[in-house]
Amino acid sequence: GTGVAKDLTAAVNALEKACLGRYFGSCGVGARFLIDKDEHARAAKLAKQGCDDQDGDSCYRLGWLTESGKGVTADVAAAKNLYETSCKLESPVGCNGLANMHAAGSGTPKDVTKALEIYKKACEGNGKQLFAESCKKAAKLYADGDGVAKDTKTALALYSRACEYNIADSCRLLPQLNAELRGKVEDITKVLEASCKTGFDEACFGQADALSLTDQAIAFGAGVAVIVQPGGSRNDPEVVAACDAAGVAMVFTSRRHFRH
């Protein structure tokens with residue numbers, strides 16, 4: 001709707017015309033809009049044109065349609081090959097699709113190590129774009145030690161990258177991982193503050209949790225016997241466990257006072 005009335009149909013028609021005119025950069029975008037409109041067969045036509053012209057995002061869209069069996073015949077093996085082509089063409093979202101298949105053992109033998117390698121590639125991006133959801137997926141594998149050696153430090157770095165892009169269930173994990181590493185609260189507050197300022201509530205609660213864990217460490221060392229806090233955080237179980245381990249009582253007021 002910039003300079004003209006918003007018209008998605010006209011935009012899709014223009015993208016389709018550009019795609020068929022061999023301006024392949026428009027094919028993947030047009031296919032995405034058509035997928036959103038549930039016009040899968042039409043989307044597949046554009047995605048194939050773009051993929052044939054070596055556009056990675058188009059190959060990803062065609063791979064997704066092929067894996068889902070929407071607009072084309074379902075074929076998991078063919079979808080895997082399309083994701084592989086997309087990833088080789090430096091499409092982060094295509095790499096994520098390929099990593100998902102390796103992680104799940106879909107269309108290829110399950111290989112978590114390979115999935116992790118590709119998730120990290122998608123997270124790093126191609127200099128122009130990255131796929132932040134892959135950062136979270138790689139972080140979880142490291143945090144859980146799932147198929148790879150557990151590495152809390154690397155997990156924290158990857159979750160921090162995902163948090164920068166407001167990916168759900170990333171910011172909230174930073175305080176606890178940072179506490180496990182005995183890091184300083186300053187090590188994570190910058191990314192939490194930046195994300196919180198965009199209106200991402202999870203990061204705002206993560207800030208509060210980071211301060212809470214730091215305050216607890218200071219309090220335990222000073223001999224504090226009772227802590228009163230509002231509660232309501234996803235990390236409350238970890239906080240309670242820390243207090244239990246230190247022999248400190250905790251009272252929940254169920255009333256939170258903060259501004260952001």
Side-chain angles (χ1 to χ4, degrees), residues 1-104 106-107 118-119 121-137 161-170 195 198-200 202:
T2 304
V4 294
K6 186 174 181 178
D7 188 335
L8 182 58
T9 298
V12 170
N13 289 340
L15 287 166
E16 184 174 40
K17 184 176 181 179
C19 173
L20 297 178
R22 307 304 293 278
Y23 183 71
F24 66 83
S26 61
C27 298
V29 179
R32 176 168 61 85
F33 283 138
L34 287 167
I35 288 170
D36 290 342
K37 288 163 62 67
D38 292 328
E39 294 188 42
H40 299 122
R42 193 175 165 199
K45 181 180 179 181
L46 293 193
K48 185 178 186 310
Q49 177 69 65
C51 189
D52 287 346
D53 284 331
Q54 302 296 292
D55 175 49
D57 286 351
S58 293
C59 294
Y60 164 72
R61 302 295 169 195
L62 186 57
W64 182 87
L65 290 165
T66 303
E67 183 181 13
S68 308
K70 295 183 176 181
V72 294
T73 301
D75 187 333
V76 178
K80 185 256 184 183
N81 290 336
L82 285 163
Y83 289 147
E84 198 163 50
T85 298
S86 175
C87 190
K88 287 178 180 177
L89 291 170
E90 302 297 326
S91 169
V93 68
C95 292
N96 182 74
L98 179 61
N100 286 342
M101 298 195 89
H102 281 290
S106 175
I118 302 171
Y119 280 137
K121 179 179 178 179
C123 176
E124 291 166 4
N126 57 21
K128 295 180 180 179
Q129 58 181 338
L130 56 82
F131 196 73
E133 186 73 27
S134 290
C135 304
K136 183 181 80 170
K137 291 177 180 178
R161 189 78 182 275
C163 180
E164 289 177 21
Y165 291 88
N166 296 352
I167 300 299
D169 296 324
S170 55
S195 187
T198 69
F200 190 48
E202 182 183 310

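Residue numbers count from 1 along this sequence.
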For Y60, the option from N96, L98, L82, V93 that meets side-chain contact (heavy atoms from CB on, under 4.5 Å):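 Of all the options given, the one that passes is V93.
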Name all residues meeting the side-chain hydrogen bond (donor to acceptor under 3.5 Å, both in side chains) criterion together with S170; count only those two or more places apart in sequence or in a different chain, and write none if there are none.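 Checked S170 against side-chain hydrogen bond (donor to acceptor under 3.5 Å, both in side chains); zero matches.
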Using the test side-chain hydrogen bond (donor to acceptor under 3.5 Å, both in side chains), find all partners of N13 that sit at least two apart in sequence or belong to another chain.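 Result, side-chain hydrogen bond (donor to acceptor under 3.5 Å, both in side chains) vs N13: R42.
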Quick one: pull up [atom1] in [X] and [atom2] in [Y] and give me the separation to the nearest 0.5 Å.
{"X": "K17", "Y": "S26", "atom1": "NZ", "atom2": "OG", "result": "12.0 Å"}
{"X": "K80", "Y": "T85", "atom1": "NZ", "atom2": "OG1", "result": "9.5 Å"}
{"X": "C95", "Y": "Y119", "atom1": "SG", "atom2": "OH", "result": "11.5 Å"}

Grab the two heavy atoms, one from [X] and one from [Y], that are nearest each other, plus how far apart they are.
{"X": "D55", "Y": "G28", "answer": "OD2-N, 3.9 Å"}
{"X": "S86", "Y": "D57", "answer": "OG-N, 4.5 Å"}
{"X": "S195", "Y": "T198", "answer": "O-OG1, 2.6 Å"}
{"X": "S91", "Y": "G56", "answer": "CB-C, 3.7 Å"}
{"X": "A132", "Y": "I167", "answer": "CB-CG1, 3.7 Å"}
{"X": "G63", "Y": "A79", "answer": "O-CB, 3.5 Å"}

Thinking salt bridges, do K137 and E133 make one under a 4.0 Å N-O criterion?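 No, no charged N to carboxylate O under 4.0 Å.
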Heavy-atom side-chain contact between [X] and [Y] under 4.5 Å:
{"X": "Y83", "Y": "W64", "value": "yes"}
{"X": "P92", "Y": "N126", "value": "yes"}
{"X": "H40", "Y": "D38", "value": "yes"}
{"X": "L130", "Y": "R161", "value": "yes"}
{"X": "Q54", "Y": "L89", "value": "yes"}
{"X": "E90", "Y": "K121", "value": "yes"}
{"X": "E67", "Y": "M101", "value": "yes"}
{"X": "I118", "Y": "C87", "value": "yes"}

Run the salt bridge (charged side-chain N to carboxylate O under 4.0 Å, His left out) test against D52 and tell me which residues pass, sequence neighbours left out.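 If we apply the salt bridge (charged side-chain N to carboxylate O under 4.0 Å, His left out) test to D52, skipping adjacent residues, the hits are K48.
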SG proximity flag C59/C51, limit 2.5 angstrom: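 A disulfide, yes.
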Does atom NZ of K45 have more than 12 heavy-atom neighbours, drawn from other residues, nucleotides or ligands, at distances under 6.0 Å?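 12 or below, so no.
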Could you walk me through whether K37 and T9 satisfy the side-chain contact (heavy atoms from CB on, under 4.5 Å) test, starting with their C-alpha distance in whole Å, then the side-chain angles of each, then the deciding distance to 0.1 Å, before giving a yes or no? CA-CA 10 Å; K37 288 163 62 67; T9 298; 4.0 Å; yes
